[in-house]
Enquirer: 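Quick one: this structure, given as C-alpha cells, is what I'll be asking you about.
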Amino acid sequence: MIGFGRKLLLGAALLGMAGGFAPRQAQAAPPDILIGAVYPLSGNAAPIGHDAQQALETEAAIINGHHDVPMLLGKGGGLPGLGGAHVKLIFADSQNNPQIAQSEAQRLITQDHVVAIIGSYTSATAVTISQICNRYRVPYISAENSAPSLSKQGLTWFFRPSPTDNDFTKAMFDFYAAIGKKTGRPVHSVAIIHENSVFGTDSARIQTAMAKAAGIKVLTDISYQASTPSLSVEAERLRAANADVVMPSSYTSDAILMVHAMHDAGYTPKAIMAQDAGFIDPAFIKAVGPLAEGVMSRSSFSIDAVKTRPAIPAVDALFKAHDNGKELNDLTAREVTALQVLADALNRAKSTKNTALRAALRTTDIPGAETIMPWVGIKFDKTGQNIEGNPVILQYQHGQWRTVFPFAVATAPAIWNVGK
Amino acid sequence: MTPDPILRICNVSKTFGTVAANVDVSFDVGRGEILGLIGPNGAGKSSLFNAIAGAETPDAGEILLEGKRISGLGAVACTRAGIGRTFQVVRSFDSMTVLENVMVGAFARHARTRPAMAQALEVIAFCGLVPRADVPAHALTPPEKRRLEVARALATQPSVLLLDEMLTGLTPTEAQAGMRLVRDVRARGITVLMVEHVMEVLLPLIDRAVVLHLGRKLAEGSPAEVVRNPDVIRAYLGDRYVA
Amino acid sequence: MATSPRPNAITRRRTRELVVGAALLVVLALLPLPIAGTYLRGLMVLTLLYAGLAQGWNILGGYCGQISLGHALYFGIGAYTSTLLYTRLGIPPTLGLFAGAALGALAALAVGWPCFRLSGHYYAIATLVVGLMVLLLVQNWGFVNAAMGITIPFRTESWVQLQFRVAVLPFYYVMLGYAAIAWIVAWVVEGSRWGYIWRAVKDDVAAARSLAVRVFPSKMAAAAISGAIVGAGGALYAQYVGFIDPDSVLGLSLSVLIALPAVVGGVGTLWGPLLGAAVLIPVQQLSVAWLGSSGNGVDLMIYGALIMGLALARPQGLVSLFGVRSQAGGEVVDDA
Amino acid sequence: MTASLVAQVAIGGLLMGLVYALVAAGLSLIFGLMDVVNFAHGELLMLAMYAVFEIHAAFGLDPLLQLPLVAALLFGIGVAIYRLLIARALGVRFNTGMVQIFVTFGLSIFLVGAAQLAFGSDFRSIDNGVLSGRTVHLGQIVLPLPQVAAGLVCLLAFAALMAISRTEFGQALEATREDRDAVALIGIDRDRIFSLGWGIGAATVGIAGVMLANFYYISPTVGSNFALIAYVTVALGGFGSLAGALVAGLLIGLVEALTALFIDPSLKQVGVFAIYVAVLMFRPRGLFGRL
C-alpha cells in the first residue's frame with residue numbers, strides 16, 4: 001500500500017507540473033484565434049454543458065470549414081478580416097461552481113490568452129466569469145444566461161445577444177393577451193412553480209410582477225428544492241390550485257419529475273408555459289414521451305422557422321452530426337449564435353486586440369436573417385444587451401416543437417385549452 | 001472505628017437494572033493507609049470503585065472525602081477534590097507520549113504548560129518512567145502502561161489514589177516492582193485504596209482489607225483477620241473449606 | 001527531586017516547529033515572485049485559503065477528534081457576514097472578517113451545544129444535517145437575497161477593502177497571512193492546556209474525565225476557535241471571488257473540502273492541513289483544468305481515486321512521509 | 001384543503017418513506033456490523049439504476065423482472081467494495097474512523113466520474129415498463145402504480161431482511177456485531193461475515209434502485225438525491241437497527257410530504273431535519289439505537 005501511495009503522489013506531482021508549467025502552444029501563421037468557453041461539464045448540469053460544447057464546436061466548424069451555410073460567416077474558410085484565421089475553442093469545466101468558474105476563466109485569460117470568453121449556462125457562474133472578464137478587459141459573451149441582473153452590473157465588457165427573462169416573461173404575457181383576444185378564452189389565473197435557485201427565484205419574481213401588471217391572479221407560487229426525491233406534493237398543490245396556466249422554471253431533472261408527478265396525480269393542466277431550461281432539453285422529451293405533448297415554452301429559437309431562416313437545416317444537420325443526432329434547441333442555437341456574433345466582431349475588428357474587439361462588438365449590427373434566430377437582429381445597447389432579440393413561444397405538438405407566437409412568425413396555431 | 005478517616009463510605013447502595021451491585025456498604029479509609037478492597041468476581045468492587053471516583057452516582061448513601069460529600073458530583077469534581085484513579089482495562093491516551101499523558105493529569109492543578117510539564121516530569125521520575133518519557137503510549141509494555149496510569153493519576157495531586165487491579169496479570173517480578181511503587185506512593189502521604197480479586201498478591205502489601213461479596217460488605221480488618229474469617233473463606237472457596 | 005524543567009522532546013520539537021514555520025513563511029513569501037502566471041498564483045491563493053480552513057477544522061476535528069461534516073456553515077456565515085457588512089453598510093472587509101470570525105465562533109458554539117451530546121458517526125451526520133438545514137433556510141431567506149446570492153462589485157484598488165483589479169499577488173499575501181495566523185493559533189493551542197486536553201478527549205473520554213477534564217466545555221472551546229478561523233476564511237473567500245451564493249459557500253461538498261486537506265495531510269498534526277492542501281487543491285484544480293474540458297468524468301475519477309488511495313496508503317496522513325509523528329492514533333471517539 | 005388531499009399526500013409520503021427506508025436499510029446493516037458509514041451509498045443506488053436502464057435498453061427486460069438480477073449484481077459489487085477497499089480501510093492502524101469516512105467519500109466521487117464516463121451525463125428514464133404511467137384508485141385517492149409497487153417490494157425486502165436476521169447466518173451477524181473479536185474464537189470467519197454483510201447491504205440498495213428506476217430519472221449524480229435522506233434515516237432510526245430504519249423512513253416520508261403540503265415545499269427537508277434534531281436531543285442514538 002505504501003508503494004501504491006507513493007506512486008499516486010508522484011502521479012499527482014507530475015499532473016501538477018504538466019498542467020501548471022506546460023503552456024499550450026498556439027500554431028503558426030495564420031495563428032488560430034483562441035476563444036474560451038466555460039460550461040458545467042461535470043455534475044448535475046453536465047448534459048447541458050456537453051450540448052453547449054457540441055453547439056460551439058458546430059459553429060466553429062462552420063466558420064473554419066467549408067459547409068456553405070446561408071448565414072453570416074457561413075461560407076467558411078476562417079475569418080477573412082484576419083487573413084482567414086481559424087477560431088479555436090478552449091473549454092473549461094466550471095463544475096457549476098462560481099469559484100471554479102472564476103479561476104478557470106482566469107486561467108483561460110492569463111494562460112491561454114483567449115481573446116474572449118463564452119459561457120456559462122448558470123447565472124451564479126456567469127456572475128464570477130463576467131466580473132473577472134471585466135477586470136482583465138476581455139469580452140464575455142453570455143450565450144444563454146438569462147438573468148436580467150447580469151447586464152445591470154455596470155460591466156463594460158459584457159455582451160449578451162440573447163433576450164433576458166424579462167423579455168421572455170413579457171413574451172409569455174403578451175401571448176396570453178393575444179391568444180385571449182383571438183380565442184375569447186383569456187388567462188385569468190396562473191400557478192408558478194420554480195426551483196429555489198438563482199434562475200428559478202429570479203424567474204418567479206418577474207412572473208409574479210408581470211402577472212400583477214396584467215391583472216392575472218397568481219393562485220400559488222411554489223418554490224421547491226432542486227434535485228428533490230419527489231415532487232408529488234408539489235403536483236398536488238398545483239392540482240388543488242387548478243390555475244389556467246402552470247408556469248414552471250425548472251432544470252431537466254425536476255422537469256421530468258414534475259410532469260410525471262402531475263400525471264400520477266391525475267392532473268392535466270390546461271396549459272403549461274415553461275421558462276425554457278429543462279423543458280426544452282431533448283432528454284426531457286425523451287424521458288416523458290407523450291406527456292410533453294402540448295407543453296409550451298418561451299424560446300429565443302424556433303427550429304421550424306426555415307422559411308425566413310434558411311440556415312437552420314444546415315446548422316441543425318451539422319449539430320446532429322456533432323451531438324449524437326440531437327436536434328438544435330433554444331440553448332444550443334443561442335450558443336451557435338453567440339460564437340457567430342463574436343466571430344463577426346473579430347472579423348470586423350481585423351484585430352484580436354481587446355479594445356478593438358470591444359469596439360467592434362459595440363457596433364455589431366447583424367440582421368436576423370443572417371442568423372438562425374427568429375430575431376429582428378443583433379445590436380447591443382450600452383449595457384451589452386441585445387435590443388433586437390425578440391423571443392417566441394413554442395409548443396410541443398405531435399412530437400415536435402412548433403412556433404405558435406408571435407402569430408406573424410408562427411408555423412402552427414396554438415393548441416389552447418384554457419377556458420374550455 | 002478507624003481513627004482519622006480521610007474517606008468515608010456511608011451506606012452506599014447501587015442497582016443496575018435488577019442486579020444489586022452494592023447493598024448498604026459502609027467503611028472508612030484511614031489517612032495514609034493502604035486499604036485493599038477485595039472480593040470475588042461480581043462482588044461489587046468495580047461499582048463501588050466507580051462511585052468513589054465519581055464515574056457513577058450511588059442510588060442511596062453517600063461518600064465523604066475529608067468530611068465533604070463527593071458522591072454524585074461526577075468524575076471531574078471528585079478528581080478536583082482529591083481522588084485519583086487508574087482503570088482496570090488500561091486507558092492510556094495512545095496518540096500521546098508518556099510525558100504528554102502525564103501532563104494531561106498535571107493540567108488538573110496547573111493552567112499553564114510550564115509548571116504542568118515540571119510536575120509531570122517529577123511524577124514520571126517518581127514512577128521510574130524517565131527513559132520512556134517521549135515514547136508514544138501505544139508502544140509501552142503492559143506493566144509500563146499500568147505505571148503510566150499511576151503517574152497520570154498522581155499528577156492530579158490526589159489525596160486518595162484508587163488503583164483498579166493494577167497487579168493483575170503481572171509476572172511476580174513485575175508485581176514486586178508494582179508493590180514497591182504503591183509503598184512509595186503511600187510514603188508521599190497519599191492514601192491508597194486497591195481493588196484486587198486475587199487476595200494473595202495483596203495481603204503482604206495492605207494495612208487493612210474490606211471484603212465484598214454479592215454487593216455486601218462481608219468482612220473488614222487486618223489481612224490476618226480477614227483470611228481467618230469463615231464467611232470470607234466460604235465466599236472464596238465454598239462451604240466445604242470452612243473449618 | 002529535580003523539578004526544574006529541562007529541555008525535553010516536547011520543547012525541542014516545538015522550537016523546531018517554530019523555526020521551520022518561520023523558514024517556510026519566508027519561502028512562501030518569496031515563492032510567487034518568480035512564478036508570474038496569474039493562474040498559478042490564483043492556485044496558490046486557493047491552496048493557502050484551504051490550508052488555513054483545514055487548520056481551523058483540524059482544531060476541532062483533528063485535535064479534539066470531533067469529525068465535523070458541517071464546517072461550511074461557519075465558512076458561509078463568515079462570508080455572508082462580511083459581504084453584507086460591506087455591500088449594505090460599507091464596512092470594509094478587513095473589519096468584516098473579524099465580525100465573520102466572531103459569528104462563525106458563535107455558530108460553532110450553537111451547533112456544538114446540541115451536537116456534542118452525540119458521539120462518533122452520530123455527531124458527524126448531525127453536523128452535516130445542521131449545515132444543510134441552514135443552507136436550505138438561507139436559500140429561502142429574502143433578506144440575504146435568498147438563492148440569488150450577493151455580488152461584491154469591484155470598486156477601487158484598495159488594501160482596506162481587499163479589492164484588487166487583476167493583481168493576484170496582494171491576495172496571495174492576504175491568504176498567506178491568514179494561513180500563517182491559523183498555523184500560529186494551532187501552534188499555540190497545541191502547546192497549551194487546551195491542546196493536551198483535546199487530544200485526551202479524542203483518545204479516551206472516560207480517562208480524560210478521571211483527570212478532571214471537563215469534556216463538554218473543552219469541545220466547545222475547540223469548536224469556537226475552529227469556527228472563528230473558518231469564518232474568517234469565508235470572509236476572505238467572498239472578497240476574493242466577488243460573489244457568494246448559498247450553494248457555493250454553504251454546500252456539503254465545501255464542508256468535505258474543508259476537512260479533506262487535514263485528513264489527507266494528517267489529522268491532529270500541525271503540518272497536516274498545510275501539506276494536505278498543498279497536494280489536494282492543486283490536484284483538484286489542475287485535474288479540472290486539464291481533464292475537465294473533456295466532460296467525461298475522468299477528472300472526478302482521478303480525484304476520487306486520489307482520496308481513496310491516500311487515505312488507505314497513508315492513514316496517518318502525508319506528514320508521516322516526513323517522519324513527523326502523527327498525534328492521532330485514536331479511533332473515532334465513541335463515548336459521549 | 002380536503003381530507004382526501006391530506007390522505008393522498010400522506011399515503012404518497014409513506015410510500016416514498018418505504019423507499020427511503022430500504023435505501024437506508026443497507027447503510028444501517030453495514031454500520032451495525034462494522035461501524036462503517038458508507039458515504040458512497042447513494043452511488044450504489046445510482047449504479048443499480050443504470051444497470052436496470054442498460055439491461056432494459058439492451059434486452060427489453062422489464063425492470064420488475066430484473067429484480068433478482070440487479071440484486072445479485074449489486075451483491076457482487078458490495079462484496080467487491082468490501083474486499084478491495086473496506087477491508088483495507090478497517091485494517092489500517094491509525095484513524096480507522098476517519099479513513100473509512102474518506103475512503104467511501106472518495107469512492108463516491110470516483111463512481112460519479114466513472115458513471116459519467118461510461119453512461120454519459122444525460123438524464124435517462126424508463127417510460128415503457130409494465131408499471132409505467134399506471135395508477136391505482138382507492139376511493140378518491142389516486143396512487144401511481146410504480147410507487148405502490150415500490151412500497152410493496154420494499155416491505156417484502158424488509159420482511160426478508162428480518163427473516164435473514166433470524167437464521168443461523170443472522171445469528172452469526174448478530175454475534176459479530178456484539179463482539180467483533182470474540183467471534184473469531186468460536187469459529188466464525190469475520191471477514192466472510194463482513195463481505196456478506198456488504199453484499200446484502202448493497203443488494204437491498206439494488207432492489208430499491210430497481211423500483212426507483214420505474215418512476216425516477218437516472219443520471220450520474222442521482223445518488224446524492226437519496227443519499228442524504230438515507231443518512232438522516234439511519235441516524236434517526238438508530239445505526240444498526242432494521243426496525244429503526246423502517247420506522248424512520250416512514251416518518252421522514254410523512255413529515256416531508258406534510259411539510260410540503262402545509263408549510264412550504266422548499267422547506268420539506270428542513271421539516272425532516274428539524275424532527276431529526278429534535279429526536280436526537282432526547283435519544284442521541286436514534287429511535288431504536290442501542291444506548
Side-chain angles (χ1 to χ4, degrees), chain C residues 61-62 65 67 69 114-115 117-126 128-130 132-133 136-137 139-140 147 252 256 259-260 262-264 266-268 295-317 320 326 328-334 336, chain D residues 31 35-37 39-40 84-85 88-89 91-121 220 224 228 231-232 234-236 238-239 264 266-274 276-278 280-281 284-286 289:
Chain C
I67 303 176
L69 294 175
C115 290
R117 292 156 31 86
L118 310 174
S119 58
H121 295 296
Y122 285 95
Y123 173 79
I125 293 198
L128 185 153
V129 164
V130 172
L132 286 169
M133 208 154 101
L136 292 175
L137 291 173
Q139 273 179 337
N140 288 286
L252 170 60
V256 176
L260 261 183
V263 174
V264 166
V267 279
N296 58 13
V298 174
D299 54 332
L300 294 180
M301 291 173 72
I302 290 179
Y303 187 54
L306 182 79
I307 295 170
M308 282 189 281
L310 286 178
L312 285 177
R314 286 275 147 203
Q316 288 167 280
S320 60
S326 168
E331 310 218 342
V332 175
V333 181
D334 210 348
Chain D
F31 176 86
D35 257 26
V36 168
V37 175
F39 279 88
L84 292 175
L85 291 174
R88 290 173 196 205
V92 302
R93 264 192 58 212
F94 295 92
N95 297 329
T96 32
M98 236 170 259
V99 165
Q100 67 86 0
I101 286 183
F102 288 95
V103 163
T104 55
F105 179 77
L107 178 66
S108 84
I109 297 180
F110 179 85
L111 289 177
V112 169
Q116 200 181 336
L117 182 66
F119 308 114
S121 49
S224 61
L228 181 68
Y231 300 130
V232 176
V234 174
L236 180 58
F239 279 101
D264 185 341
S266 64
L267 295 180
K268 61 187 178 186
Q269 290 199 330
V270 175
V272 170
F273 295 163
Y276 160 79
V277 172
L280 287 200
M281 287 298 91
R285 300 208 152 210

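Chain identifiers are assigned alphabetically (A, B, ...) following the order of the sequence lines, protein sequences preceding nucleic acid strands; residue numbering begins at 1 within each chain.
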Enquirer: Among C/Ile307, C/Val129, C/Val130, which has the most heavy-atom pairs under 4.5 Å with chain D?
Expert: C/Val129
Enquirer: Side chain, backbone, both or neither: which part of D/Leu85 has a heavy atom under 4.5 Å from chain C?
Expert: both
Enquirer: Keeping the roles fixed (side chain from C/His121, backbone from D/Asp35), state whether a donor-acceptor pair exists under 3.5 Å.
Expert: yes
Enquirer: Any idea which of D/Val277, D/Leu111, D/Leu107 has the most non-hydrogen atom pairs under 4.5 angstrom with chain C?
Expert: D/Leu107
Enquirer: For chain D, which candidate among C/Leu137, C/Asp299, C/Leu136, C/Leu300 shows the most heavy-atom pairs at distances under 4.5 Å?
Expert: C/Leu300
Enquirer: Okay, side chain of C/Ser320, backbone of C/Gln316: is any donor-acceptor separation there less than 3.5 Å?
Expert: no
Enquirer: With a 4.5 angstrom heavy-atom cut-off, could you sort out which part of D/Phe119 is near chain C: side chain, backbone, both or neither?
Expert: neither
Enquirer: Classify the angle between the aromatic ring planes of D/Phe39 and D/Tyr231 as parallel (below 30°), tilted (30 to 60°) or perpendicular (above 60°).
Expert: tilted
Enquirer: Less than 4.5 Å to any heavy atom of chain D: does that hold for the side chain of C/Val263, its backbone, both, or neither?
Expert: side chain
Enquirer: Please classify the contact between C/Leu252 and chain D as side chain, backbone, both or neither, with a heavy-atom cut-off of under 4.5 Å.
Expert: neither
Enquirer: Please flag which part of D/Phe273 lies under 4.5 Å from any non-hydrogen atom of chain C: side chain, backbone, both or neither.
Expert: both
Enquirer: Nearest heavy-atom pair of C/Met301 and D/Gly113: which atoms, and what distance?
Expert: CG-C, 3.5 Å
Enquirer: Testing the basics here: between C/Tyr122 and D/Ala235, what is the closest heavy-atom pair and its distance to 0.1 Å?
Expert: CE2-O, 3.6 Å
Enquirer: Do the ring planes of D/Phe239 and D/Phe31 sit parallel (below 30°), tilted (30 to 60°) or perpendicular (above 60°)?
Expert: tilted
